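Beneath this line is the structure, given in structure tokens, with notes to follow.
Sequence lines set the chain letters: A, B, ... in the order given, protein chains first and strands last, and positions in each chain run from 1. Computed from a predicted model, the values in this text were never measured in an experiment. Quick note: numbers below take in every heavy atom, side chains included, and nothing from hydrogens, waters or symmetry partners.
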Number of protein chains: 2
Amino acid sequence: MAKTYTIGETAEMFGVPESTLRFYDKRGLLPFIERDEADRRVFTEMQISLLKTIQHLKNTDMTIGQIKQYVDWIVEGDATIPKRLAMLVAHRQDIYDQIAMREASLDGVNFKIARYEKYVNEQREKEND
Amino acid sequence: MAKTYTIGETAEMFGVPESTLRFYDKRGLLPFIERDEADRRVFTEMQISLLKTIQHLKNTDMTIGQIKQYVDWIVEGDATIPKRLAMLVAHRQDIYDQIAMREASLDGVNFKIARYEKYVNEQREKEND
DNA sequence: ATATCAGTTAAACCTCGGTTTAAGTCAAAC
DNA sequence: GTTTGACTTAAACCGAGGTTTAACTGATAT
């Protein structure tokens, strides 16, 4: 018997409200999810693993729509592996771009910080006259 | 006479629609902006420079509301420099966190890519039997 | 047996960050 | 003098990504 999780346990595990998991399910991000006798969602390792992937994709600004495409391809089976591979390779480039943009903007912010620090230090010196 | 720019020129310069610049103005992100005789916005180096800062902050997911706070402090004068400095230092940490999260998720994506590449290569080998 | 707790649904609601629309003004070109 | 082009406004609209609400079900504890 593989371990399973309730929606509450899963939500806590991922640090999201249960409503978010229900929203993802409604949007088709959690295929193959089963229900118990009382119609409650049963999260298996498969869902947990998929949710981890979904979090990586979300953390890197992939839209729900694109994630759904990826999940739909998983549902279609191994024949879509080349498509999934191409999607992830393209997305990896997006991630590189996101990081590069942030590093560039970080430089701009650091420049401002340096100017403000200089000003603050000069004011402090004047006071200590 | 310092060079000035129309909203159209400024929009093109920053690669955004004019409506975005009007929207920023309405939200208070462009203080000190003047108008010509025909009530058209006149963008000076001051606005251009502020827009560059705004772009850095937006590129690193600072909200319009926070950016407005920063701009309001600029309007208030040099007395708010310590507050601005503190805000930017806190924001710099946010940027570090954003980059770190993306690098972690990049690892996850790369792991998936490696698995898919392995699969694709194995399938290719089978075909070449 | 009844209260509590964890789950269920559909639908309404919300915020954010713009974008679009409609109607108008003004300067320059023809 | 009228058309064209670039600008102006207020207000309506939009898509993304959830969140909240209301009403309900079913299992467990007292």
Rounded at 0.5 Å granularity, tell me how far [atom1] in [X] sits from [atom2] in [Y].
| X | Y | atom1 | atom2 | value |
| --- | --- | --- | --- | --- |
| A/L29 | A/D72 | CG | CG | 9.0 Å |
| B/E103 | B/M101 | CD | CE | 11.5 Å |
| B/M87 | B/W73 | CE | CH2 | 5.0 Å |

| message | Within the 4.0 Å heavy-atom criterion, would you say A/R22 contacts the bases, only the backbone, or no part of the nucleic acid? | response | base
How many whole angstroms separate atom [atom1] of [X] from atom [atom2] of [N]?
| X | N | atom1 | atom2 | result |
| --- | --- | --- | --- | --- |
| B/R35 | D/dC7 | CZ | P | 12 Å |
| B/F23 | C/dT20 | CZ | C1' | 14 Å |
| B/R27 | C/dC16 | CZ | P | 8 Å |
| A/L21 | D/dT19 | CG | C1' | 13 Å |
| B/D36 | D/dA6 | CG | P | 15 Å |
| B/I67 | C/dC16 | CD1 | C1' | 12 Å |
| A/K68 | D/dG17 | NZ | P | 14 Å |
| A/E18 | D/dT20 | CD | P | 12 Å |

| said: Closest-nucleotide mapping onto DNA chain D: is A/G65 or B/R40 further toward the 5' terminus? I mean the 5' end. | reply: B/R40
| request: Take A/S19 and A/E37, find for each the nucleotide of DNA chain D with the closest heavy atom, and name the residue whose nucleotide sits nearer the 5' end. | output: A/S19
Does [X] put a side-chain nitrogen or oxygen below 4.0 Å from OP1 or OP2 of [N]?
| X | N | answer |
| --- | --- | --- |
| B/Y24 | C/dG18 | yes |
| B/T6 | D/dC7 | yes |
| B/K26 | C/dG17 | no |
| B/R41 | D/dT8 | yes |
| A/T20 | D/dG17 | no |

| said: How about CD on B/E117, more than 12 heavy atoms from neighbouring residues, nucleotides or ligands closer than 6.0 Å, or not? | reply: yes
| Near A/F111 CZ, under 6.0 Å, is it more than 12 heavy atoms from other residues, nucleotides or ligands? | no
| field | Of A/G8 and B/K58, the one whose closest DNA chain C nucleotide lies more 5' | value | A/G8
